Amino acid sequence: MTVPQQPSPYDPYGQPPHPGTGPQQQGFPQPGEQHPQGAFPGPQGFPGPSHNYDVPPPGTPGVSSERMTGLPVSDAEARQWAMLAQLSTLVTGFIGPLVVYMLYKDRNRFVRFHAAEALNLAITTVIAIFGLSLVLGIITVVTFGIGGILFPLAFAPGIYAFVVAIIGGVRANNGIWWPYPVNIRLLS
């Protein structure tokens, strides 16, 4: 005779409960019920377990309003591909985010947003490095080589891109719609 397995009363964040506590004792919503607003706050006040990865928070810049026509993506898959789009800029430049953008632009708004942000960051970084190198080159010529000591500044956009790509990857993995503080948004 087999005894049916009862589901374990895990909390919304996947942590096992303390002995003697469970969803019923703590007033947690039962499966299928909605979480009360603010009951389980996530990062920056976004609701923790009840993310809707197709609806961004109001006022998020760079979000496409196009209708999603492709096959839907699960929440875990959306977070994974959004994170990969962000972190692929560290290895492949604009190619990784471009591939993710092309594959998922019609399937999930969250993935599209993060892939577009990462792709725009890569393009912005190339433009900034080229522009700074040009300006610093002119300064070096005009000052008869003395301005050459400023050339390390040409790498500042690359350092910025490296840091915010890691932050963006972590935030995408946590399900947060995070636009970069400085970015030229060519795609959305």
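Since this is a predicted model, take the numbers as computed values, not measurements.
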Which atom pair, heavy atoms only, marks the closest approach of Gly169 to Met83? O-CG, 3.4 Å
Sort and list the pairs that fulfil ring pair (Phe, Tyr, Trp, His ring centres under 6.0 Å) and have at least one residue in residues 118-141, not counting sequence neighbours. none
Using the rule that Ile, Leu, Val, Met, Phe, Trp and Tyr join whenever any side-chain heavy atoms are under 4.5 Å apart, tell me whether Leu186 and Leu98 fall into a single cluster. yes
Distance (rounded to the nearest 0.5 Å) between Gln86 CD and Asn173 CG: 11.0 Å
Sub-3.5 Å donor-acceptor pair from the side chain of Asn120 to the main-chain atoms of Leu187, do we have one? yes
Please identify each residue that fulfils side-chain contact (heavy atoms from CB on, under 4.5 Å) with Ile149, with sequence neighbours left out. none
Does Ile129 belong to the same Ile/Leu/Val/Met/Phe/Trp/Tyr cluster as Leu150, with side-chain heavy atoms less than 4.5 Å apart forming each link? no
Let me confirm one number: the CD1-OG1 distance from Ile176 to Thr60, rounded to the nearest 0.5 Å. 11.5 Å
Any pair with a residue in residues 138-150 that passes salt bridge (charged side-chain N to carboxylate O under 4.0 Å, His left out), sequence neighbours left out, goes on the list, sorted by first then second residue, please. none
Mind checking whether Trp177 and Phe113 have parallel, tilted or perpendicular rings, split at 30° and 60°? tilted
In short, Ala85 meets Ala118 closest at the heavy-atom pair O-CB, 3.4 Å
Can you pull the side chain to side chain donor-acceptor pair (under 3.5 Å) pairs that have at least one residue in residues 124-151, sequence neighbours excluded? Thr124-Asn183
Check Arg109 against Val63 and note the closest heavy-atom contact, atom names and distance. CD-CG1, 3.9 Å
List the atom of Ala78, the atom of Val111, and the distance in Å for their closest heavy-atom pair. O-CG2, 3.3 Å
Tell me the ring pair (Phe, Tyr, Trp, His ring centres under 6.0 Å) pairs involving residues 65-105, sequence neighbours left out? Trp81-Tyr104
Quick check: is Val141 connected to Ile138 through a chain of hydrophobic side chains (ILVMFWY, heavy atoms under 4.5 Å apart)? no
Can you name the residues that form a side-chain contact (heavy atoms from CB on, under 4.5 Å) with Ile127, not counting sequence neighbours? Ile123
For residues 155-165, tabulate all N or O donor-acceptor pairs below 3.5 Å that involve a side-chain atom, not counting sequence neighbours.
residue: Tyr160; atom: OH; partner: Val182; partner atom: N; Å: 3.0
residue: Tyr160; atom: OH; partner: Val182; partner atom: O; Å: 2.9

Should Thr92 and Pro97 count as side-chain neighbours, where that means a heavy-atom distance under 4.5 Å? yes
By ring pair (Phe, Tyr, Trp, His ring centres under 6.0 Å), which residues pair with Tyr180, not counting sequence neighbours? Trp178
State yes or no: do Leu119 and Ile184 share one hydrophobic cluster built from I, L, V, M, F, W and Y residues joined by side-chain heavy-atom distances below 4.5 Å, directly or via other members? yes
Tell me, which pairs form a salt bridge (charged side-chain N to carboxylate O under 4.0 Å, His left out) where one or both residues lie in residues 128-141, sequence neighbours left out? none
Is Ile167 reachable from Val170 through a run of I, L, V, M, F, W or Y residues, each pair having side-chain heavy atoms under 4.5 Å apart? no
For residues 178-188, which residue pairs qualify under salt bridge (charged side-chain N to carboxylate O under 4.0 Å, His left out), counting only residues two or more places apart or in two chains? Glu117-Arg185
Using the side chain to side chain contact (heavy atoms under 4.5 Å, CB included) rule, pick out the option among Thr89, Val91, Leu84, Leu90 that qualifies with Leu87. Leu90
Step by step, work out the side-chain contact (heavy atoms from CB on, under 4.5 Å) result for Arg79 and Asn174. CA-CA 7 Å; Arg79 287 193 325 266; Asn174 289 333; over 6 Å; no
